[in-house]
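Here's the structure we're looking at; comments come further down.
Keep in mind the model is a prediction, meaning the values are calculated, not measured.
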Amino acid sequence: MIARTRLVPGVLSFLLTTPSFHLLLLASCILFLLGACAPQPITVTREPVTLRLVAADSCEPLAEELAVAYEEAHPWITIQVEVFNSSVAEWMLRTGGADLALLSWLQEAADERPLWSQYFARDGIAIIVHPATPFTETGLAHLQEIFRGRVQEWGGMVLTVVSREEGSGTRAAFESAVLGDYDVALTAVVMPSSEAVSRYVASTPGAIGYVSTLRLKESVVDGVRVPPVEGALPTSAAISDGSYPLSRPLYLAATAEPAGEAREFAQWALGPEGQAVAARLGNW
């Protein structure tokens, strides 16, 4: 049986007229009001912001990974990524089509204002061959002879040179390191993207081409082989210490020093978190 306590009317009347009861009631009201007036946590809802990022074809995997990681940490930000070759990406940036760019090549035109740019990462250029291509390693002099068209056969197999289109930063870096003042062979097959180069080489016995090492992570290169150049494979360590001879810098660029949300993204990308993303993708 549960015991209950009941106040008889006389006792209740006595309590209501007691000064101490009035004081207790007053104190309770004051405490209630103080609690109601205490500062409450303020929740700030950020206005949605869209950042436009253009990327050179070779930088596409990196740009996509950066966008995903940044959006997860900054849910009010949407990053739109568009991919072109490096010269078109730079043109898009200069004409207002983007807030920031990831470029593999900074063109030096005397009649154009220099871009704001920061070194972002170092990328390798991997030589890729069809698995049936007879040589298992190569060097810069050997590559020059092949891409100039002076060596068109090796081990009884006809070689097919595969190159990128004009305006490609990967092509500019490759030709600077390998061809120097010479032109690529007139018989070269020219492809508009790293993916197209990889697919052509994978399907053509005797084919030899080149792609960014950032593209070696993708399934499209499953059907190709990557031979050492001057005895070194394009690993992250070999690219960093210079023992792999084909590499180039990648840049984060804008028309002027970024401001607002673009500046916040740039600082994040150049800082430890963005660099961790770049390092992870660069480990081939």
(message) With heavy-atom distances below 4.5 Å as the criterion, would you say the side chains of Val54 and Met92 are in contact?
(response) yes
(message) With rounding to the nearest 0.5 angstrom, report the CD to OG1 distance, Glu261 to Thr50.
(response) 10.5 Å
(request) Would you mind reporting whether Val158 and Gln152 have side-chain heavy atoms less than 4.5 Å apart? (result) no
(message) Within the structure provided, determine whether Leu51 and Gln80 are in side-chain contact (heavy-atom separation under 4.5 Å).
(response) no
(message) Just verifying a value: how many Å separate Thr235 OG1 and Leu216 CG, rounded to the nearest 0.5 Å?
(response) 11.0 Å
(message) Can you tell me which residue among Thr138, Leu143, Val224, Ile128 is in a side chain to side chain contact (heavy atoms under 4.5 Å, CB included) with Ile208?
(response) Leu143
(message) Rounded to the nearest 0.5 Å, what separates atom CD1 in Ile239 from atom OG1 in Thr213?
(response) 4.0 Å
(request) Nearest 0.5 Å please: distance from the OG atom of Ser86 over to the CG atom of Leu106. (result) 7.5 Å
(message) With no hydrogens and no angle check, just 3.5 Å: does a side-chain donor-acceptor pair link Trp105 and Glu90?
(response) no
(message) Check for me whether the distance between the ring centres of Phe265 and His74 falls short of 6.0 Å.
(response) no
(request) May I ask you to test the Glu230-Leu140 pair for a side-chain heavy-atom distance under 4.5 Å? (result) yes
(request) Look at Arg171 together with Glu166 and state whether they make a salt bridge at an N to O cut-off of under 4.0 Å. (result) yes
(message) Testing the 3.5 Å rule here: is there a donor-acceptor pair between the side chains of Arg248 and Thr170?
(response) yes
(request) For Ser212 and Asp123, test the side chains for any donor-to-acceptor distance below 3.5 angstrom and give the result as yes or no. (result) yes
(message) Using the rule that Ile, Leu, Val, Met, Phe, Trp and Tyr join whenever any side-chain heavy atoms are under 4.5 Å apart, tell me whether Leu102 and Val277 fall into a single cluster.
(response) yes
(message) To check you understand the geometry: which heavy-atom pair defines the closest contact between Ile125 and Tyr244, and what is its length?
(response) O-OH, 2.6 Å
(message) A side-chain contact here means heavy atoms from C-beta on lying under 4.5 Å apart; do Asp57 and Arg164 qualify?
(response) yes
(message) How long is the straight-line distance from CG of Leu103 back to CG of Leu252, given to the nearest 0.5 Å?
(response) 8.5 Å
(request) Without swapping roles, check the side chain of Ser87 against the backbone of Gly167 for a donor-acceptor pair under 3.5 Å. (result) yes
(request) Flag yes if more than 12 heavy atoms outside Tyr182 fall under 6.0 Å of its OH atom; otherwise flag no. (result) no
(request) Using a 4.5 Å cut-off on heavy atoms from C-beta on, say whether the side chain of Gln107 contacts that of Glu112. (result) no
(request) Take atom CH2 of Trp154 as the centre, draw a 6.0 Å sphere, and report whether it contains more than 12 heavy atoms from other residues, nucleotides or ligands. (result) no
(message) Let me confirm one number: the CZ-CG distance from Arg94 to Leu115, rounded to the nearest 0.5 Å.
(response) 4.0 Å
(message) Using side-chain heavy atoms (C-beta onward) and a distance below 4.5 Å, is Pro258 in contact with Asp99?
(response) no
(message) Has Arg150 got a side-chain atom pairing as donor or acceptor with Ala185's backbone, closer than 3.5 angstrom?
(response) no
(message) A side-chain contact here means heavy atoms from C-beta on lying under 4.5 Å apart; do Trp76 and Pro48 qualify?
(response) no
(request) For Trp116, look at atom CH2 and say whether over 12 heavy atoms of other residues, nucleotides or ligands are found less than 6.0 Å away. (result) yes
(request) Step through the shown structure and confirm whether more than 12 heavy atoms of other residues, nucleotides or ligands are within 6.0 Å of CD on Glu273. (result) no
(message) Quick check against the 3.5 Å criterion: does Gln275 have a side-chain atom that pairs as donor or acceptor with the backbone of Ala269?
(response) yes
(message) Looking at Ser203 and Arg199, would you say the former's side chain and the latter's main chain have a donor-acceptor pair under 3.5 Å?
(response) yes
(message) Does the plane of the ring in Tyr210 sit parallel, tilted or perpendicular to the ring in Phe147? Use 30° and 60° as the thresholds.
(response) tilted
(message) Taking Ile79's backbone N and O only, do any of them form a donor-acceptor pair with Glu71's side chain (distance below 3.5 Å, no angle check)?
(response) yes
(message) Checking the side chain of Thr95 only, and the main-chain atoms of Trp91 only, is there a donor and an acceptor separated by less than 3.5 Å?
(response) yes
